[in-house]
Amino acid sequence: MTHRRHRFGAALAVFAAAVAAWLPVTSAQAADGPVVHIWLQDDHLGLPMPPTPGDPTMVNWGLRNDGPGTAKDVTISADLSNVIDWVTTDAPVPADHVYTWPTRDVPEGEAAGSLIGLSAKPGTPLGTTGTVTLSGTSSNGTVVSTTAKVTVGTTDLKVNELAARKGDKPGSTIDTPVTISNVGTLAADGVQLEMRTTIGLSYAKHYSNCVYSKESDTYVLTEQALCTFDTVVEPGKSYRVDQPVGLDVTDQALFEFFSHEALPLSGSAPKPGDGPVLSLVAAGDAATDGTAIDRQHIDADNTADMVAGGATAKGAPGDLVHVTVSLSNEGPGWVGYNASDDQPALLVTVPTGTKAEEIPAHCSVWNDEAKSGTGEQTPGAAQYICQSSPNTFTVGDSRSFDFGLRIRANAATTTGEALATTAFGNTMTFDHTHGNDTAAVRVEVEGGATATPSASASPSTTAGTGGNTPGTQTVSTTGDSGSLASTGSSGAVPVAAAGGAAALVLGGGLVLLVRRRNRA
């Protein structure tokens, strides 16, 4: 009897497997496949009232496929039925009020989405609120839906613009006034003030309603203060922080900035910390000259010592030898230009009798006439300009560049040069120690005589393809490669050389990208 039950159970299992293979994929099976999330650029949308002609507010969405594998036949829809009575759209919407985008496959990772524009119908009362739900399907996976809140009217917060500063000395404190204005049509039920400093500044006092965090990225934006206020910020009104934000100028301060931005409070306030409470107090009518985000440049009265590092290699004619040159910061200030593309760089003059065959990343042929790099890594040039990525130098930072040099026939022991300069060949005006701006790049040739370098001329600027030919090496000991005159100001950013030089944007111009959106 038991034996018959086993056979019967096995038969049922086979039958079930056959049915599963024949039936279409069910929702439960789809859940075992790729999982696709719909993300929104902004999940709180404010529609201007009165409406702005031809400028709708966008429901802007994208996709993230967490896998595994490609999600097949993905279809995304926006259900507008909750708002359709008081909005118009920039695309035709079917009678069921569900707008659907074309079906496509979505590979793993981030994927582009689309958008649909919404405008409030004239006469809709301010504060009218509804939701737009975005959902989707996939033949082999699951699409996770999301919702956008839509409100008629906008909360538009601006902050005050702060004048640039120069000459603040390390050890001093800057008192920074901060004001917030609401130039929108709806009140903000609470505000978050986001402040950032570069590493040469620090907050003089910490407040219990602010959360402080350290960050590190290409631009060395390292300390953020996110302060939460439960104050209702009325439209047409201005509010100020009840005491100036104190910024301590540290020993490593040089080229700094302080930025601040205000956003309507969303979600719950963070857990209180230690210290006094920072408050917002009424300050009259909303300012008309505010900005969405302000960045104040603060050039401290300080210096930094950028040092060129040389190298020596040995070999016989025909050998490929390597020399590793470097650019370092010995302080006391850190270097991070935030208003210029004329970043620290190393100008390398190839030793006579050798040919540069292996050019390191971030180095390119130097064009002395244009006072810039060409962007090309052509072997055999006489000079190369090297810039690091990232191009900021904290105190003690050193960046190395390894060149492969071929020793030519009949070459003698020879010396080139590494010169600490800028991307446009200027003297770094914040560097007051010039004895270490240059360093020798020496190649000792086995059995060769020693060529005596000349110190009477500037570096060779011929960017040809044949490289340096054997002979007497000409190098510079002036610490300047055709640069403009120094301004003499320890806090000034070097001026980019003229002469038709194309601006090299290798990450030097510090740009803070902020999504600006209308919030309910």
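Since we're looking at a predicted model, the values are computed, not measured. Residues take their numbers from the sequence shown, with the count starting at 1.
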A.B. asks: Going by the rule side-chain hydrogen bond (donor to acceptor under 3.5 Å, both in side chains), which residues pair with Ser135 if we only count those two or more places apart in sequence or in a different chain?
C.D. replies: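 Applying side-chain hydrogen bond (donor to acceptor under 3.5 Å, both in side chains) to Ser135 gives none.
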
A.B. asks: Given side chains that start at C-beta, do those of Val132 and Thr147 come closer than 4.5 Å, heavy atoms only?
C.D. replies: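 In short, these two side chains do not touch, never coming nearer than 4.5 Å.
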
A.B. asks: Quick one: are Leu347 and Trp366 in side-chain contact, heavy atoms under 4.5 Å?
C.D. replies: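 Answer yes - side chains close enough.
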
A.B. asks: Does either side chain, that of Thr374 or that of Ser364, offer a donor lying less than 3.5 Å from an acceptor on the other one?
C.D. replies: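 Side-chain D/A pair, Thr374 to Ser364: absent.
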
A.B. asks: Do Gln343 and Thr422 come close enough that some side-chain heavy atom pair is under 4.5 Å?
C.D. replies: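 With C-beta onward as the side chain, the pair stays apart.
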
A.B. asks: Would you please say whether a donor-acceptor pair under 3.5 Å links the side chains of Trp86 and Thr124?
C.D. replies: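 Note: Trp86 and Thr124 side chains miss the donor-acceptor criterion.
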
A.B. asks: Distance only, no hydrogens: is a donor on one side chain within 3.5 Å (strictly under) of an acceptor on the other, for Asn160 and His260?
C.D. replies: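 The answer is yes; a qualifying pair exists.
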
A.B. asks: Does atom NZ (Lys205) have a neighbourhood of more than 12 heavy atoms from anything else shown, all under 6.0 Å?
C.D. replies: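 Result for NZ/Lys205: open.
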
A.B. asks: For Asp230, look at atom CG and say whether over 12 heavy atoms of other residues, nucleotides or ligands are found less than 6.0 Å away.
C.D. replies: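 No.
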
A.B. asks: Side chains of Ser340 and Asp342: any donor to acceptor distance under 3.5 Å?
C.D. replies: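 Checked: Asp342/Ser340 side chains show no N/O donor-acceptor pair below 3.5 Å.
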
A.B. asks: Classify the side-chain pair Thr173/Asp248 by whether it contains a donor and acceptor separated by less than 3.5 Å.
C.D. replies: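 Result is yes, a qualifying pair exists.
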
A.B. asks: Taking C-beta and beyond as the side chain, do Val74 and Ser138 meet within less than 4.5 Å on heavy atoms?
C.D. replies: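 Sidechains of Ser138 and Val74: in contact.
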
A.B. asks: Taking the ring centre of each residue, are His206 and Tyr212 less than 6.0 Å apart?
C.D. replies: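 Ring centres of Tyr212 and His206 closer than 6.0 Å.
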
A.B. asks: Could you report the tightest heavy-atom contact between Asp105 and Lys72, atom names first, then the distance?
C.D. replies: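 So the two residues come closest at OD1-CA, 3.4 Å.
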
A.B. asks: With sequence neighbours left out, what residues match Glu358 under side chain to side chain contact (heavy atoms under 4.5 Å, CB included)?
C.D. replies: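 Testing Glu358 for side chain to side chain contact (heavy atoms under 4.5 Å, CB included), a comparison that skips the adjacent residues, returns Leu320, His322.
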
A.B. asks: Grab the two heavy atoms, one from Arg104 and one from Leu63, that are nearest each other, plus how far apart they are.
C.D. replies: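 It is NH2-CD1, 3.5 Å.
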
A.B. asks: Do you see a donor-acceptor pair shorter than 3.5 Å between the side chains of Asp79 and Thr133?
C.D. replies: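 No pair is found: no donor N or O on one side chain lies under 3.5 Å from an acceptor on the other.
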
A.B. asks: Counting the benzene-type ring for Trp, do Tyr239 and Phe229 have ring centres under 6.0 Å apart?
C.D. replies: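 Distance test on ring centres: not under 6.0 Å, no.
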
A.B. asks: For the residue pair Ile298 and Leu247, what are the closest heavy atoms and their distance?
C.D. replies: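 The pair with the smallest heavy-atom distance is CD1-CD1, 4.4 Å.
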
A.B. asks: Flag the pair Pro177 / Leu162 as yes when at least one side-chain heavy-atom distance between them is below 4.5 Å, and no otherwise.
C.D. replies: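 A side-chain contact exists here, since the closest heavy-atom pair is under 4.5 Å.
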
A.B. asks: Is a donor from one side chain sitting under 3.5 angstrom from an acceptor on the other, for Gln243 and Tyr207?
C.D. replies: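 Note: Gln243 and Tyr207 side chains meet the donor-acceptor criterion.
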
A.B. asks: Between Arg240 and Asp242, does any side-chain N to carboxylate O distance fall below 4.0 Å?
C.D. replies: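 No, no charged N to carboxylate O under 4.0 Å.
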
A.B. asks: More than 12 heavy atoms of other residues, nucleotides or ligands under 6.0 Å from CG of Asp274: yes or no?
C.D. replies: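 It does not: Asp274 CG has 12 such atoms or fewer within range.
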
A.B. asks: Would you please test Asp397 and Thr394 for side-chain hydrogen bond (donor to acceptor under 3.5 Å, both in side chains) and show each step?
C.D. replies: CA-CA 5 Å; Asp397 271 359; Thr394 58; 2.9 Å; yes

A.B. asks: Donor-acceptor check, side chain of Ser181 to backbone of Val183, threshold 3.5 angstrom: yes or no?
C.D. replies: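 Side chain of Ser181 to backbone of Val183, a donor-acceptor pair under 3.5 Å: no, none is there.
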
A.B. asks: Are any non-hydrogen side-chain atoms of Phe258 and His297 less than 4.5 angstrom apart?
C.D. replies: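 Answer no - side chains too far apart.
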
A.B. asks: Is a donor from one side chain sitting under 3.5 angstrom from an acceptor on the other, for Arg399 and Ser388?
C.D. replies: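 Ser388 and Arg399 do have a side-chain donor-acceptor pair below 3.5 Å.
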
A.B. asks: Say you draw a straight line from CD of Gln377 to SG of Cys363; how long is it, rounded to the nearest 0.5 Å?
C.D. replies: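 Gln377 CD to Cys363 SG: 7.5 Å, rounded to 0.5 Å.
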
A.B. asks: Asp402: which residues meet the side-chain hydrogen bond (donor to acceptor under 3.5 Å, both in side chains) condition with it, sequence neighbours left out?
C.D. replies: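 Scan of Asp402 (side-chain hydrogen bond (donor to acceptor under 3.5 Å, both in side chains), adjacent residues dropped) gives Thr324.
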
A.B. asks: Is Ile38 close to Ile76 at the side-chain level, that is, under 4.5 Å between some pair of heavy atoms?
C.D. replies: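 The answer is yes; the side chains approach within 4.5 Å.
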
A.B. asks: Restricting to non-hydrogen atoms, name the atom on Ser77 and the atom on Val98 that form the minimum distance, rounded to 0.1 Å.
C.D. replies: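 In terms of heavy atoms, the two residues are closest at CB-CG1, 3.7 Å.
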
A.B. asks: Does any part of the side chain of Ile199, heavy atoms only, come nearer than 4.5 Å to the side chain of Gln252, both counted from C-beta?
C.D. replies: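 Yes, close enough: below the 4.5 Å cut-off.
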
A.B. asks: Val106 and Asn65: which non-hydrogen atoms are nearest, and at how many Å?
C.D. replies: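 Where Val106 meets Asn65 most closely, the heavy atoms are O-ND2, 2.9 Å.
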
